[in-house]
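Heavy-atom basis, side chains included; hydrogens, waters and symmetry copies ignored. Along the sequence shown, the residues carry numbers beginning at 1.
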Amino acid sequence: MSEEFYRMKRLPPYVIAEVNAMRAAARAAGEDIIDLGMGNPDLPPPDHVIAKLCEVAQKPSAHGYSQSMGIPGLRKAQANYYGRRFGVDLDPETEVVVTMGSKEGLASLATAITAPGDVVLAPNPSYPIHMFGFIIAGATIRSVPTTPDEHYWQSLERAMAFTVPRPSILVVGYPSNPTAETVDLAFYERLVAWAKENNVWVLSDLAYSELYYDGNPTPSILQVPGAKDVAVEFTSLSKTYSMAGWRIGFAVGNRKLIAALKRVKSYLDYGAFTPIQAAACAALNGPQDIVQKNRELYHKRRDVMVEAFGRAGWDIPAPRASMFAWAPLPPALKDMGSLEFSKQLLTHAKVAVAPGVGYGEDGEGYVRIAMVENEQRLRQAARNIKQYLKSMGVNTPAKGAA
């Protein structure tokens with residue numbers, strides 16, 4: 001009998017889990033850990049959303065099996081959201097499916113459309129499911145850069161010219177998790193044209209659609225005329241409405257891909273709990289002030305973090321979107337590597353961050369910082385980090401306390 005299952009052998013150790021285990025142990029020992037590691041919103045959903053959940057849960061008929069593709073009202077609400085936000089028309093019956101978060105949607109679609117040996121182009125660094133959803137499904141990954149510059153396009157061309165079999169799927173995710181990089185509509189226009197020319201499906205992860213800063217709204221690939229011929233897009237209520245644990249997301253776009261996803265999901269699940277889906281309708285259809293409030297709150301946290309960490313001696317580029325900062329290791333400690341640096345920060349500064357190498361080998365030299373603690377805690381993190389950097393012989397600014 002084999003000592004290890006086939007798919008388990010294809011999965012490397014989950015690097016981020018190592019730091020998570022250390023964090024959990026420290027907290028169990030009573031230590032006050034400032035957790036900037038996981039992108040777990042610290043805010044509650046809007047009151048009217050919780051009220052709708054409770055209201056529907058009181059109904060005896062609400063506790064049976066739901067629909068794996070999502071209840072009709074929720075699919076219609078998502079179609080209406082795309083119309084309002086992006087000016088994109090979607091058919092709720094054939095171009096929208098409800099998923100249990102964008103992560104499950106990507107993994108289920110990978111199962112639906114990938115054959116063993118298929119080659120999938122995925123960004124490096126990227127959110128792990130962008131690669132491992134397809135690895136679990138039996139595909140081979142060829143990495144392309146995350147940074148959307150001219151080198152990105154050159155990498156796509158090389159991949160198509162020199163990979164056998166030719167890649168059939170490209171995954172993109174902007175605003176990027178973990179790098180927080182963004183793209184404009186011109187990027188998607190070029191991408192759609194490239195995908196049609198090369199007969200490649202495009203899967204776009206738009207989980208951070210509403211967390212943009214400095215007045216630059218995030219575009220959707222589906223805004224490009226003809227994009228639905230080659231693309232599907234995943235969104236989520238997790239960050240927009242602080243509903244991460246509710247596990248509600250969507251896939252929208254190309255009818256063939258949506259049909260494949262629906263069919264696989266019909267075998268895998270019966271859909272999210274109906275009261276949760278009803279509450280998700282309330283989120284999408286109801287007052288949208290929470291979206292602006294969350295955006296402003298994360299914007300303030302971003303500014304506080306960049307300023308306070310900078311005064312502590314750690315310069316961090318200000319992210320233009322998402323709830324993350326992609327921070328290069330302090331130059332004097334770069335040789336330590338992102339995993340060891342993350343462990344040291346947890347042990348000596350009581351601050352948890354995610355090691356960049358956990359998002360792909362090209363993430364080495366960086367850590368991902370999630371802005372999921374309040375401004376006071378971010379300043380405390382900066383003070384702790386300043387003391388740690390001093391202990392390591394790193395020069396910190398002489399004036400101004402973090």
Side-chain angles (χ1 to χ4, degrees), residues 35-36 38-57 70-71 73-88 90 92 96 98-103 105 174-175 177 180 182 205-220 233-250 252 272-305 319-325 370-378:
D35 188 3
L36 309 179
M38 188 175 181
N40 195 11
D42 60 322
L43 307 166
D47 289 343
H48 70 275
V49 173
I50 298 173
K52 178 58 73 173
L53 172 72
C54 297
E55 173 196 329
V56 179
I71 61 175
L74 184 52
R75 285 181 277 117
K76 185 176 180 181
Q78 175 69 352
N80 289 340
Y81 161 73
Y82 259 79
R84 291 194 309 268
R85 175 68 167 79
F86 301 113
V88 172
L90 293 171
V96 180
V98 179
T99 63
M100 294 180 183
S102 56
K103 185 175 184 178
Y174 299 103
N177 176 9
T182 59
D205 187 352
L206 194 64
Y208 301 92
S209 59
E210 301 307 329
L211 290 185
Y212 57 82
Y213 312 123
D214 308 315
N216 295 312
T218 304
S220 161
E233 190 157 68
F234 295 87
T235 56
S236 167
L237 302 191
S238 294
K239 278 69 180 188
T240 305
Y241 300 98
S242 299
M243 295 170 65
W246 297 51
R247 307 315 301 137
I248 289 289
F250 303 90
V252 304
F273 186 38
T274 299
I276 289 179
Q277 295 197 52
C281 291
L284 287 167
N285 293 335
Q288 298 297 300
D289 54 326
I290 183 67
V291 179
Q292 179 65 25
K293 285 180 181 177
N294 278 354
R295 188 182 302 129
E296 290 173 355
L297 180 137
Y298 284 114
H299 195 166
K300 287 180 181 177
R301 289 181 179 181
R302 179 198 76 170
D303 292 347
V304 165
M305 182 195 66
R320 290 185 290 182
S322 85
M323 63 194 303
F324 305 114
M371 298 178 284
V372 292
E373 296 261 17
N374 64 39
E375 294 171 31
Q376 179 181 350
R377 296 277 283 173
L378 289 171

Given the rule in the side chain to side chain contact (heavy atoms under 4.5 Å, CB included) test, do Gln78 and Thr235 qualify, once you have shown the distances and angles that lead to the verdict? CA-CA 10 Å; Gln78 175 69 352; Thr235 56; 2.8 Å; yes
Under the side chain to side chain contact (heavy atoms under 4.5 Å, CB included) rule, what do His299 and Asp214 come out as? Steps first, then yes or no, please. CA-CA 9 Å; His299 195 166; Asp214 308 315; 3.5 Å; yes
Could you go step by step and tell me if Val49 and Met243 meet the side chain to side chain contact (heavy atoms under 4.5 Å, CB included) rule? CA-CA 10 Å; Val49 173; Met243 295 170 65; 4.0 Å; yes
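In this structure a side-chain-to-backbone donor-acceptor pair under 3.5 Å is present from Arg75 to Gly70. For Glu375 (side chain) and Met305 (main-chain N/O), no donor-acceptor pair under 3.5 Å exists by modelled atom type. Without hydrogens or angle criteria, Glu373 side chain to Asp35 main chain gives a donor-acceptor distance under 3.5 Å.
A side-chain N or O of Glu296 and one of Gln292 form a donor-acceptor pair less than 3.5 Å apart. A donor-acceptor pair shorter than 3.5 Å cannot be found between the side chains of Thr240 and Tyr81.
Asn177 contributes atom CG, which lies 8.0 Å from atom CG of Asp205 (distance to the nearest 0.5 angstrom). Rounding to the nearest 0.5 angstrom, the gap separating the NZ atom in Lys239 from the CG atom in Leu211 is 9.0 Å. Taking CZ of Phe273 as the reference point, atom CG of Leu53 lies at 7.5 Å (rounded to 0.5 Å). The line from CG of Asn374 to CG of Leu297 is 9.0 Å long, rounded to the nearest 0.5 Å.
Contacts of Lys300 classified as salt bridge (charged side-chain N to carboxylate O under 4.0 Å, His left out), with partners at least two apart in sequence or in another chain: none.
Closest non-hydrogen pair, His48 versus Ala282, comes out as NE2-O, 3.3 Å. Shortest non-hydrogen contact noted between Phe250 and Thr99 is N-OG1, 3.3 Å. Among all heavy-atom pairs drawn from Val372 and Met323, the shortest one is CG1-CE, 3.3 Å. Considering every non-hydrogen atom in both Val56 and Ala278, the closest pair reads CG2-CB, 3.7 Å. For Phe86 against Ser209, the heavy-atom pair with the smallest separation is CZ-CB, 4.5 Å. Contact record, Phe324 with Gly39: CE2-CA, 3.6 Å, taken as the closest heavy-atom pair.
The residues Arg295 and Glu210 are annotated as salt-bridged, a charged nitrogen and a carboxylate oxygen being separated by less than 4.0 angstrom. Salt bridge annotation for Arg377-Asp42: absent, with no cationic side-chain nitrogen under 4.0 angstrom from a carboxylate oxygen.
With contacts defined as side-chain heavy-atom distances shorter than 4.5 Å, the pair Arg247/Lys103 qualifies. The closest side-chain heavy-atom distance from Thr218 to Tyr174 is not below 4.5 Å. A heavy-atom distance below 4.5 Å is not found between the side chains of Trp246 and Leu237. Between Pro41 and Tyr298, the closest side-chain pair of non-hydrogen atoms falls below 4.5 Å. Put simply, the side chain of Ile276 reaches to within 4.5 Å of the side chain of Ile248, judged on heavy atoms. At a threshold of 4.5 Å between non-hydrogen side-chain atoms, the residues Arg301 and Leu378 count as touching. The shortest side-chain heavy-atom distance between Leu206 and Phe234 does not fall under the 4.5 Å cut-off. Within the 4.5 Å cutoff, side-chain heavy atoms of Asn294 are placed close to those of Ser242.
Residue Asp47 qualifies as open at atom CG: its count of foreign heavy atoms under 6.0 Å is 12 or below.
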